[in-house]
Amino acid sequence: MYRFVFTQVLSRFDPEDVHHLTVRALHLLSATPVAKRLVHRRLAPRDPALRVRAFGVHFPGPFGLAAGFDKDAGCVEAMSALGFGHVEVGTITAHAQPGNARPRLFRVPRARGIVNRMGFNNAGADAAARALSRPRGVPAVVGVNIGKTKVVPESEAVQDYVTGARELAPLADYLVVNVSSPNTPGLRSLQAVELLRPLLAAVKEVADATPRRTPLLVKIAPDLTDDEIDAIADLALDLGLDGIIATNTTIRRDLDAGRNGRADEHWDETGGLSGRPLKDRSLAVLRRLRARVGDRLTLVSVGGVEDADDVWERLLAGATLVQGYSALIYEGPLWAHRINRELSRRLRRRGVTDLREIIGLTAD
């Protein structure tokens with residue numbers, strides 16, 4: 001039913017307008033206690049075999065919502081009720097900013113992808129902190145993804161991240177430093193180890209000082225070389241980070257999985273490409289990281305995840321958690337529930353009662 005609605009109705013409207021309408025509807029669900037509890041009871045993951053523990057946090061399932069959808073932390077309860085095992089909000093900057101000029105979000109349906117150049121549009125850390133401080137009617141695991149305010153120069157980036165971290169780390173189940181979006185000028189240069197080390201060290205000091213010690217992860221780009229991936233992995237181990245999220249969107253348009261997408265009207269738009277074209281590269285980065293760090297860091301895989309097959313493959317390759325976003329646009333609100341249901345069936349067929357039994361099975 002959703003696919004019919006998408007192709008016949010939603011696809012005829014600007015994707016950002018559809019996104020805003022969707023977020024408003026989810027806000028309404030989050031604000032309706034009876035409805036969100038009923039939805040949560042029906043759709044949230046309940047199979048004990050799906051439960052997983054990562055960096056000291058208990059997750060009801062391994063599949064979560066990637067950053068980018070819920071930019072201002074207003075849909076956490078609704079998305080948890082729809083079946084996501086965790087919700088990563090943001091990217092949130094220390095100061096509110098409008099993002100880049102519209103249009104800035106484009107569908108590439110033949111390639112099952114999305115191009116965005118949003119530019120971290122969000123209401124700022126203060127507003128997100130207020131949203132995250134509200135009592136919740138359904139359980140939710142919340143990651144907070146922080147980025148650099150656009151007008152802040154690179155020389156002041158560390159303090160800008162620290163400002164956001166001080167506001168948000170105490171309210172997060174885990175904190176993510178995003179240095180990998182292609183849509184903020186100069187941001188990806190912060191992935192260079194000599195710049196990344198002082199940034200992560202400063203944010204880690206803030207995260208470590210929260211009452212429960214907030215776990216800290218870094219999110220990296222798919223466009224890094226193997227040597228750069230290894231260097232960041234080594235840095236994460238050296239600093240005592242809790243994990244790495246791989247990967248963000250790509251600026252490349254020569255990926256094998258996306259060749260059929262060249263006929264799409266918006267394939268060559270400037271911005272980060274996500275969805276199916278990113279699948280192979282994201283998996284390759286995950287495997288590179290697993291080979292480098294083993295199980296010493298929690299690896300979170302995102303990029304090109306469309307179905308239970310993809311989630312299963314990422315778990316086998318060494319990811320403890322898996323995230324998705326772009327396919328939600330094409331698959332609809334029951335997407336996470338379907339993935340959880342299929343994962344449960346696979347585990348039962350194999351006699352697996354603990355998800356840890358399969359994590360990294362094909363990597364070790």
Side-chain angles (χ1 to χ4, degrees), residues 16 19-20 23 64-76 79 84 86-100 104-105 114-132 142-152 154 156-169 171-191 196 199-200 203 206-207 214-223 243-251 271-274 278 300 302-303 323-326 328:
E16 188 169 352
H19 177 79
H20 289 319
V23 167
L65 181 65
F69 181 87
D70 189 3
K71 295 181 179 296
D72 293 309
C75 306
V76 167
M79 300 313 287
F84 289 97
H86 64 280
V87 177
E88 190 170 307
V89 301
T91 296
I92 300 165
T93 52
H95 307 285
Q97 59 183 28
N100 296 323
R104 55 191 180 181
L105 183 64
I114 299 291
V115 174
N116 93 83
R117 51 173 180 260
M118 304 297 289
F120 291 169
N121 56 305
N122 73 107
D126 284 346
R130 288 193 298 273
L132 291 169
V142 182
V144 177
N145 184 302
I146 60 173
K148 186 180 82 68
T149 307
K150 183 176 181 179
V151 298
V152 170
E154 185 180 295
E156 300 173 19
V158 172
Q159 186 54 50
D160 187 60
Y161 276 92
V162 165
T163 299
R166 283 179 179 149
E167 286 272 3
L168 298 167
L171 301 167
D173 290 302
Y174 68 91
L175 188 69
V176 183
V177 170
N178 184 353
V179 286
S180 50
S181 169
N183 300 316
T184 295
L187 186 74
R188 283 192 168 189
S189 66
L190 296 175
Q191 292 177 114
L196 189 57
L199 169 58
L200 292 177
V203 175
V206 174
T214 305
L216 181 64
L217 296 83
V218 62
K219 186 169 185 176
I220 65 173
D223 306 319
I244 298 175
I245 300 182
T247 62
N248 213 317
T249 59
T250 180
I251 58 173
L273 173 66
S274 60
L278 190 53
V300 183
V302 56
Q323 296 178 341
Y325 170 16
S326 296
L328 175 64

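Worth knowing before you read on, the calculation uses all heavy atoms, side chains too, and leaves out hydrogens, waters and symmetry mates.
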Once you round to the nearest 0.5 Å, how far does [atom1] of [X] lie from [atom2] of [Y]?
| X | Y | atom1 | atom2 | answer |
| --- | --- | --- | --- | --- |
| Met79 | Glu88 | CE | CD | 13.0 Å |
| Gln323 | Leu65 | CD | CG | 7.5 Å |
| Leu171 | Arg130 | CG | CZ | 12.0 Å |
| Asn121 | Thr91 | CG | OG1 | 10.0 Å |
| Asn116 | Asn100 | CG | CG | 9.0 Å |
| Asn178 | Thr184 | CG | OG1 | 8.0 Å |

Measure across [X] and [Y] and return the closest heavy-atom pair with its distance rounded to 0.1 Å.
| X | Y | value |
| --- | --- | --- |
| Ala207 | Ala169 | CA-CB, 4.4 Å |
| Ala66 | Val302 | CB-CG2, 3.8 Å |
| Pro222 | Arg188 | CD-NH2, 4.1 Å |
| Ala128 | Ala73 | O-CB, 4.4 Å |
| Gly164 | Ala94 | N-CB, 3.9 Å |
| Ile220 | Ala246 | CG1-CB, 4.1 Å |

Exercise for the section: Please work out whether the ring planes of Tyr325 and His19 are parallel, tilted or perpendicular, with thresholds of 30° and 60°. Expected result: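 Tilted, since the angle between the ring planes falls between 30° and 60°.
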Heavy-atom distance under 4.5 Å between the side chains of [X] and [Y], does that happen here?
| X | Y | answer |
| --- | --- | --- |
| Leu273 | Leu278 | no |
| Val87 | Cys75 | no |
| Lys219 | Val177 | no |
| Phe120 | Lys150 | no |

Spell out, as yes or no, whether a donor-acceptor pair under 3.5 Å connects the side chain of [X] to the backbone of [Y].
| X | Y | result |
| --- | --- | --- |
| Ser274 | Ser326 | no |
| Asp72 | Ala123 | yes |
| Glu16 | Met118 | no |
| Asp173 | Gly143 | no |
| Thr149 | Val151 | no |

Handout entry: Matching residue for Tyr161 among Leu190, Val152, Val206 - test: side chain to side chain contact (heavy atoms under 4.5 Å, CB included)
Key =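 When Leu190, Val152, Val206 are each tested with Tyr161, the side chain to side chain contact (heavy atoms under 4.5 Å, CB included) holds only for Leu190.
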Practice task
Determine the sole option in Val218, Asn145, Leu217 for which the side chain to side chain contact (heavy atoms under 4.5 Å, CB included) test with Ile245 is passed.
Solution key: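 By the side chain to side chain contact (heavy atoms under 4.5 Å, CB included) criterion, Ile245 pairs with just one of Val218, Asn145, Leu217: Leu217.
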Handout entry: Verdict with reasoning, Thr250 to Asp223, per side-chain hydrogen bond (donor to acceptor under 3.5 Å, both in side chains)
Key = CA-CA 6 Å; Thr250 180; Asp223 306 319; 2.6 Å; yes
